[in-house]
Each structure stands twice: as C-alpha cells, then as structure tokens.
Protein chains: 2
Amino acid sequence: MSVRLVILGLLRERPLHGYELKQIIEEHMGDWTAIAFGSIYYALDKLAEEGCVERIATEQEGHRPSRHIYQITERGEEEFLHLLRELWRTPERQYYDFDVALFFITALPHEEVLATLRGRVAGLEAALAHLEAHQNEQTEAPEVPPIAHAIFNHSRVHLRAELMWTQDLLHHVAEGRYP
Amino acid sequence: MSVRLVILGLLRERPLHGYELKQIIEEHMGDWTAIAFGSIYYALDKLAEEGCVERIATEQEGHRPSRHIYQITERGEEEFLHLLRELWRTPERQYYDFDVALFFITALPHEEVLATLRGRVAGLEAALAHLEAHQNEQTEAPEVPPIAHAIFNHSRVHLRAELMWTQDLLHHVAEGRYP
DNA sequence: GGTAGTATATACAATATAGAATATTATAGG
DNA sequence: CCTATAATATTCTATATTGTATATACTACC
C-alpha cells in the first residue's frame, strides 16, 4: 500500500514517468523499501483511474519505448495526506516467517539446527557491520536528508534486536532446552 | 509462503480439513502469524495439484457444508523439509511502512507529528505490557510447547527496539532536528 | 567494428491474497 | 420458545503482486 504514498509523494515535487519513479525509488529508498517495478505501473494506472494523477504528456526519445508523464492532481494531494496520516498513525505489527520455521524445528536434526543458527548469527553480524559502514558513508553526503538517519537507525535497532535474540536462541538450543 | 509450511507441518500430525487447519492456526499461531483463511484453501488446492497432499475423504454433518479431509503424501513430507530448511536458512529482511511515512513527514505540521509520535509511544508501551502479561499467562499453561517462549521473546525484543527507537525519534523531532 | 551486456520503458500474464457470499446449525438471552 | 448472533465449511470474485516478454539504444571491451 505504501507504493501509492511513494508515487504521490514524489509526484508532489514534479511530474514524472514510471521509469523515473522506479529509478528514484531504487536510488533513494532502495535500502529500506521493497517496491517491485511492476507495482509502480499498476499503482499509476489505479491512481489515474481514481483521478489522483493524470497523464500530461507522452514523450519518445528516438525509437525507444515511449513514456507517459504523470502529474499529481488536487485529489491526489488529498489522497497523499490521507495515506500519510494513515501510515503515520497505524501501528504496524510485524510477522516473522522465521517463527513458523522455529515452531516446526523439531523436525530437523539438532546438529543442523545449531549449525544454521550459528550461520544466522554470523550473517546478522555481517549485515549490521555493513549497515553501519553504509550509514557512516551516507552521513557525510550532503544531499542525504536528515531524516535518513532516523530511517537507518530504525533498521539498525531491529537488526541488533534480531542478533541478540538469535544468540540467545542459539544458547538455549545448545543447552538442549528445545529437544 | 509460510502458509504451505504450516499446512504441511500440521498435516504431518494427522489428516485435517481446511476449517480445522484454520482453527488450529488461529488458536496456536494466531499471535505471531497473519494467515488469512482464504489463503489456506488456496494453498490446499495448490498443494493437492502438486501432489503434496491428497483428499482422502469428504464428510458431512447433517446439512452443513461438506468438508474435504487432506492427508500429506511422501512428496509433501519432502516439500515440508525443503520449505522448512529454506525458511530456516534464509535471512529475512523486514521493511517498515512507517519509514516511508517518515520520509515524507515534512508534509505534516510539527505539532501533529509530535502528538502522533506520543500516541505511538503509548501504543507500543501498551502492546509490550499486553504481550508480557500474555506471555506469563501462557508460560504457566502446560500444553504450550517450550519453543513458544522463544517465539514470544522474538516479538518482545522487536517491540522493545521499536519503542526505544520511537522515543528517540520523538526527542529528535521535539528538538526540531527534522524541520 | 562486432558483440555482450546494460539501460530505457512499458505491457501483460501468471500467480497470490483476502475478504464477501452462501447456507446450515448451534447457542444464549429476553 | 423465539430471535439474534456465532460457529461451521467452503467457493468464488475482486484485487494486488511480481516477474517475463518485448524492442530499442547505448557502452565498454576485445
């Protein structure tokens, strides 16, 4: 659902076509969103139907596929604020597929479980290190908006929580607490 | 994707029909999974097509809608282990819609942002308290498998991380660091 | 200068999701 | 005992998601 918010939010700056949206999203939000490019075109069509955006031009460079340029409408501005407030207010509950695996884990041999948990711990440590390096690098770039720090921290605190929990789980499993 | 694992995992115990699966999932996994009942029937059909489960009977009580009982096959057992290992090994990256809202937050008035953040902090504190109470209550129940503790803790550590991060964000916003 | 790979740009089809619709039976409250 | 509500059990439809297909243009390297 946040694709719509992203599209409207970016179109508030200036008119864009689908591919441009895809590029901006990948470059500026790629680290903390998962928006498939197919969803962008779907959402654009939907938003156009609803009168939240409108095609203002169709351009073509050489014999490249032509592109449709969209502009946000007044209705779109309203929808943007509506979606923003909704996301901003609604508490989101996260679910972890890993918990499902954990629930059935007695189906796997003890040694395999231990080995994989150790692998997860290592992977989380690496991810955390990578994130922190990336964050420092971004911190120095002047074009990165201040709010990016908060978004980085968000990932960081959850990665850390996940790491600690996994280490804890590893110890419990090693002690044979889940036979 | 974890619906398939859940279905196969539960069918390993004994043959079940769709509604029974729905009940077990709601009762035993409702707190930490989000599996819509529509997805259960879809997955059952799919798994049957693939030969992972098979209908072994169709029963009917009175004039109630009849129910189809499914049994796991050998192929299903293999698929179960395959899915379990995949979930168990694959690191899962979580994305937070809230980050998208945060990215566009300058579109909302400062006071509203502050008020809503305070609301979120309160909500997270309540959720945490509720979870801890629920966990204590479950801890005493004998039929709850030991692994349930780990799953509870998983939610708890992430809720705590989210709470701390939100409080931190609130302070930064209050200090006017994101104008 | 040929060619392998990447970038541009969207349409479309396959798959997945989630809730509404349906129809019967049990239950609880006045 | 009557009625509103919840429980039983699934099918079906509307909607959303995601990647594949398509076709041209650029670019880097041997």
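Every chain is numbered from 1 and lettered A, B, ... according to where its sequence line falls, protein lines coming before strand lines. Since this is a predicted model, take the numbers as computed values, not measurements.
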Can you give me every donor-acceptor pair (side chain of residues 40-53 of chain B, partner residue at least two apart or in another chain, under 3.5 Å) with its distance?
unit_1, atom_1, unit_2, atom_2, d
B:Tyr41, OH, B:Tyr19, N, 3.4
B:Glu50, OE1, B:Arg4, NH2, 2.5
B:Glu50, OE2, B:Arg4, NH2, 2.8

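- Applying a 4.0 Å cut-off to non-hydrogen atoms, the residues of residues 7-27 of chain A that approach DNA chain C are A:His17, A:Gly18, A:Tyr19, A:Gln23, listed by residue number.
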Just distance, no hydrogens or angles: give the donor-acceptor pairs under 3.5 Å from side chains in residues 159-167 of chain A, sequence neighbours left out.
unit_1, atom_1, unit_2, atom_2, d
A:Glu162, OE1, B:His154, NE2, 2.8
A:Glu162, OE1, B:His158, NE2, 2.6
A:Glu162, OE2, B:His154, NE2, 3.3
A:Trp165, NE1, B:Ala150, O, 3.0
A:Thr166, OG1, A:Glu162, O, 2.6

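- Sorted by first then second residue, the salt bridge (Lys or Arg N to Asp or Glu O under 4.0 Å) pairs that include residues 35-44 of chain A, not counting sequence neighbours, number zero.
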For nucleotides 14-25 of chain D, just jot down a letter per nucleotide in 5' to 3' order: B, S or -, based on protein non-hydrogen atoms under 4.0 Å. -SBBBBB--BBS
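- Partners of A:His172 by ring-ring contact (aromatic ring centres under 6.0 Å, His included), not counting sequence neighbours: none found.
- Atom CZ of B:Arg67 is separated from atom P of D:dT11 by 14 Å (rounded to the nearest Å).
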Which is it for A:Glu112 and B:Arg85 under the salt bridge (Lys or Arg N to Asp or Glu O under 4.0 Å) test, yes or no, and what are the steps along the way? CA-CA 10 Å; A:Glu112 184 180 345; B:Arg85 289 204 164 94; 2.4 Å; yes
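- DNA chain D is contacted by no residue of residues 76-94 of chain B, taking any non-hydrogen atom closer than 4.0 Å.
- For A:Tyr70, there are no ring-ring contact (aromatic ring centres under 6.0 Å, His included) partners two or more places apart in sequence or in a different chain.
- Through chains of ILVMFWY side-chain contacts below 4.5 Å, A:Ile69 is grouped with A:Ile56.
- Listed by chain and number, the residues in a ring-ring contact (aromatic ring centres under 6.0 Å, His included) with B:His28 amount to none (sequence neighbours excluded).
- Scored by the side chain to side chain donor-acceptor pair (under 3.5 Å) test, A:Gln60 finds no partners at all (sequence neighbours excluded).
- Between the P atom of D:dA9 and the CG atom of B:Leu44 lies a distance of 14 Å, rounded to the nearest Å.
- Going from atom OH of A:Tyr41 over to atom P of C:dA13 covers 17 Å, rounded to whole Å.
- Residue B:His68 contributes atom NE2, which lies 6 Å from atom P of D:dT10 at whole-angstrom precision.
- By the 4.5 Å side-chain criterion applied to Ile, Leu, Val, Met, Phe, Trp and Tyr, B:Tyr95 is assigned to no cluster and stands alone.
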